[in-house]
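Given the structure is predicted, the values throughout are model-derived calculations rather than measurements. Naming: A, B, ... by sequence-line order, numbering from 1 per chain.
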There are 2 protein chains.
Amino acid sequence: MPKARSRVTYHHGDLGKALIDAALAIITEEQDAANVSLREVARRVGVSQAAPYRHFADKDALLAAVAEEGFQRLLNALQVDTGSDPDPLARLQASGVAYVKFAIAHPAHYRVMFSTFRVDQENNSSLNAAAGKAFAVMVDAISAGQAIGAIQPGNPRQLAWVTWSLVHGLALLLIDRQLPLVDEQDMLSLVTLATQSLVRGLQKPS
Amino acid sequence: MPKARSRVTYHHGDLGKALIDAALAIITEEQDAANVSLREVARRVGVSQAAPYRHFADKDALLAAVAEEGFQRLLNALQVDTGSDPDPLARLQASGVAYVKFAIAHPAHYRVMFSTFRVDQENNSSLNAAAGKAFAVMVDAISAGQAIGAIQPGNPRQLAWVTWSLVHGLALLLIDRQLPLVDEQDMLSLVTLATQSLVRGLQKPS
DNA sequence: GCGCCAAGTTAACGCTGTCAACTTTTTGTG
DNA sequence: CACAAAAAGTTGACAGCGTTAACTTGGCGC
C-alpha cells in the first residue's frame, strides 16, 4: 500500500526531509546550544539510530542541510525587510537591521548556520550558494550606492564584508548573551546605532 | 620529601595550572575545533581521568579558566599595540586592528574565549572581569575621543559595543574561513578598511 | 512474478563527561 | 610528635554519543 504522498519515497516517506525538520525542531526548542544528537533526531522521527546514514554521510552533513535551510530563510527575511526603498543607503541599513533581527529571532539556527558554513570545501556547493545569495543582498545595496555616488569607491564585495562583519558580530554578541542587554528594545536601538554608524562611515566623503 | 616548588601544592605540584596549560596546548596544536576532551587533558598531564574534578567542577569550568587566560593575553596585546598615540581616533583604530590580529594569531583560543564567556552568570566573576578589562580599552579610547570632540556624543559603552561587534564579527569570519581570504596581507588590509570605515562613522559630524 | 538494490534495523566499538567509592598524602592541631 | 581530618588522586562504572558492519525488509523495473 503506497503512502499518501508517494513521491520519491521508498519505505518511510521522505526521511531526510523529515530528519532536517526534526533537527530544526530540536534546535528551535532548546535554543541553549547545538547539543542536538543524531540519535535524538532519529528517535523523534521514529527510525533507528543508523537510519540517518542512508541519507547523510554524517552528522555534519545533516547540520549542513539545516544550515542551508537557514540561509534560504535569511535571504527571504532580508529581501522582505530590505524592501524597495529608492535610497541604497536606506536599503543597506535596513538589510543590516533585518539581518540582526533574524539572528535574534532564530538564535540556535543562526549558530548552526555559522558553525557549519565554510567557504573552502567545494563539496557543500549548495550551502555555499545559499550563503552567497544572502550575502549578495548587501553587495547589491553597496553597488547601487556606489553607482549614485553615495558610497565610497572600492571593491563592493570588500565593503560588504565589512558590513557583514558588523552585523554578524553584533548578532553573535547578542544571541550569546555577551552584551548586558536583555530588553529587545535596547537591542534594537543598538542595532540601529551600529548600522547607522557604519553606513555613515561607508559614505563618500564630500 | 617536598617537591622543588612546595607552594600551595599537595601531591602533584599544582595541577589545575598544569591542566589549564595542557588544555591550552591541545587547543593551540589542533586549531581545528574545540574537540578537546577532558580525558585527553588528564592523559597529557599524566593523571587519571577523574583527577581534574578535584580542581574544576566540570569541563566547562576548565575551559572558563582557559578563556580567562585568553582575555588577559588579549588585554595585554591591546595595551601593547594600541600604544600611546595622542590621537584617540588613531588609538581606537589601532586597538581594533590589534584585536583582530590577536584572533588570527590564536584562533582556537579565541573561539574558546567566546564559547565560554557569558555576561549573565555572576559566578564566573573573574572571567567577566578579565573580559571587561579588555573591553575597557575600547571604551577608554572612545571616551577620550569624545572628550576632545572628535567622536559623536552618546554612551561610550554603547559606541564601544558597536566597535566590538565589528572586530568580533570580522575576527570570527576570518578564523572560521567564512571569507574567501587566505593571504594574511589580504586579511590585514580588510581589517584596516573595516576599522577605518567604522572610526569614520563614529566621528562627530562637522 | 521475481530478483535486486535502496532503505531501515540491530548490535557492537571506542570514545566521551561524570560520579561513587576507595586509597594515598599532606597538614593542622592537641 | 602523633594522629585525625581533609585534600588530592585512582579505579571502575554508567549512560550517552557518532559511526560502522552485517543483516533484513520491501517496492520497483524487467
Side-chain angles (χ1 to χ4, degrees), chain A residues 1-23 26-27 29-30 32-67 108 112 115-116 123-124, chain B residues 1-27 29-30 32-67 108 112 115-116 123-124:
Chain A
M1 177 195 292
K3 293 267 189 177
R5 40 171 66 195
S6 64
R7 308 236 234 108
V8 202
T9 102
Y10 294 81
H11 296 105
H12 173 274
D14 210 353
L15 239 179
K17 179 81 175 72
L19 289 169
I20 294 174
D21 290 346
I26 294 174
I27 288 168
E29 284 166 22
E30 36 170 323
D32 207 11
N35 50 2
V36 47
S37 86
L38 202 49
R39 294 169 102 110
E40 192 188 341
V41 174
R43 246 176 263 130
R44 179 167 306 215
V45 174
V47 295
S48 76
Q49 74 219 203
Y53 287 90
R54 301 287 148 184
H55 298 263
F56 298 98
D58 52 17
K59 186 185 176 183
D60 282 345
L62 172 58
L63 290 181
V66 173
V112 171
S115 66
T116 304
N123 33 359
N124 294 33
Chain B
M1 177 195 291
K3 293 264 188 177
R5 41 171 66 195
S6 64
R7 309 233 238 111
V8 201
T9 100
Y10 294 82
H11 297 104
H12 173 275
D14 211 352
L15 237 178
K17 179 79 174 69
L19 289 168
I20 294 174
D21 291 346
L24 188 48
I26 294 174
I27 288 168
E29 284 166 24
E30 36 170 324
D32 207 11
N35 49 1
V36 48
S37 86
L38 203 49
R39 293 168 103 110
E40 193 187 341
V41 174
R43 245 176 263 130
R44 179 168 305 216
V45 174
V47 295
S48 76
Q49 76 218 201
Y53 286 90
R54 301 287 148 183
H55 298 263
F56 299 98
D58 53 18
K59 185 185 177 183
D60 283 346
L62 172 59
L63 290 182
V66 174
V112 170
S115 66
T116 303
N123 34 356
N124 294 32

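With B/K17 as the partner, the side-chain contact (heavy atoms from CB on, under 4.5 Å) test is satisfied by one option alone out of B/L15, B/D21, B/I20, B/L19: B/D21.
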What side-chain donor-acceptor pairs closer than 3.5 Å can you find for residues 50-65 of chain B, not counting sequence neighbours?
unit_1	atom_1	unit_2	atom_2	d
B/D58	OD1	B/D60	N	3.3
B/D58	OD1	B/A61	N	3.0
B/K59	NZ	B/V36	O	3.0

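Mapping A/D58 and B/V47 onto DNA chain D via the closest heavy atom, the residue that lands nearer the 5' end is B/V47.
When all heavy atoms of B/A67 and B/T116 are compared, the closest pair comes out as CB-CB, 4.1 Å. Scanning both residues, B/V66 and B/A23, for their nearest heavy atoms gives CG2-CB, 3.9 Å.
Distance from the side chain of B/R54 is smallest to D/dT10 among C/dT18, D/dT10, C/dG8. For B/Y53, counting side-chain heavy atoms from C-beta on, the closest listed nucleotide (C/dT18, C/dG8, D/dG18) is C/dT18.
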* Could you run through nucleotides 11-17 of chain D and give me one letter per nucleotide, 5' to 3': B if any protein heavy atom sits under 4.0 Å from the base, S if only the sugar-phosphate is that close, - if neither? => BBB---B

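Put simply, CG on B/L19 is 12 Å from P on D/dA8, counting in whole angstrom units. Between the CG atom of B/D60 and the P atom of C/dT18 there is a distance of 7 Å, given to the nearest Å. The NE2 atom of B/H55 sits 12 Å away from the P atom of D/dA7 (whole-angstrom rounding). Note: CG (A/L15) to C1' (C/dT9) measures 13 Å, nearest angstrom. Rounded to a whole Å, the CG atom of A/N35 is 14 Å from the C1' atom of C/dG17.
In terms of the side-chain contact (heavy atoms from CB on, under 4.5 Å) criterion, residue partners of B/S37 (sequence neighbours excluded) are, by chain and number, B/R39, B/E40. Considering only residues two or more places apart in sequence or on other chains, A/R44 meets the side-chain hydrogen bond (donor to acceptor under 3.5 Å, both in side chains) condition with A/E29.
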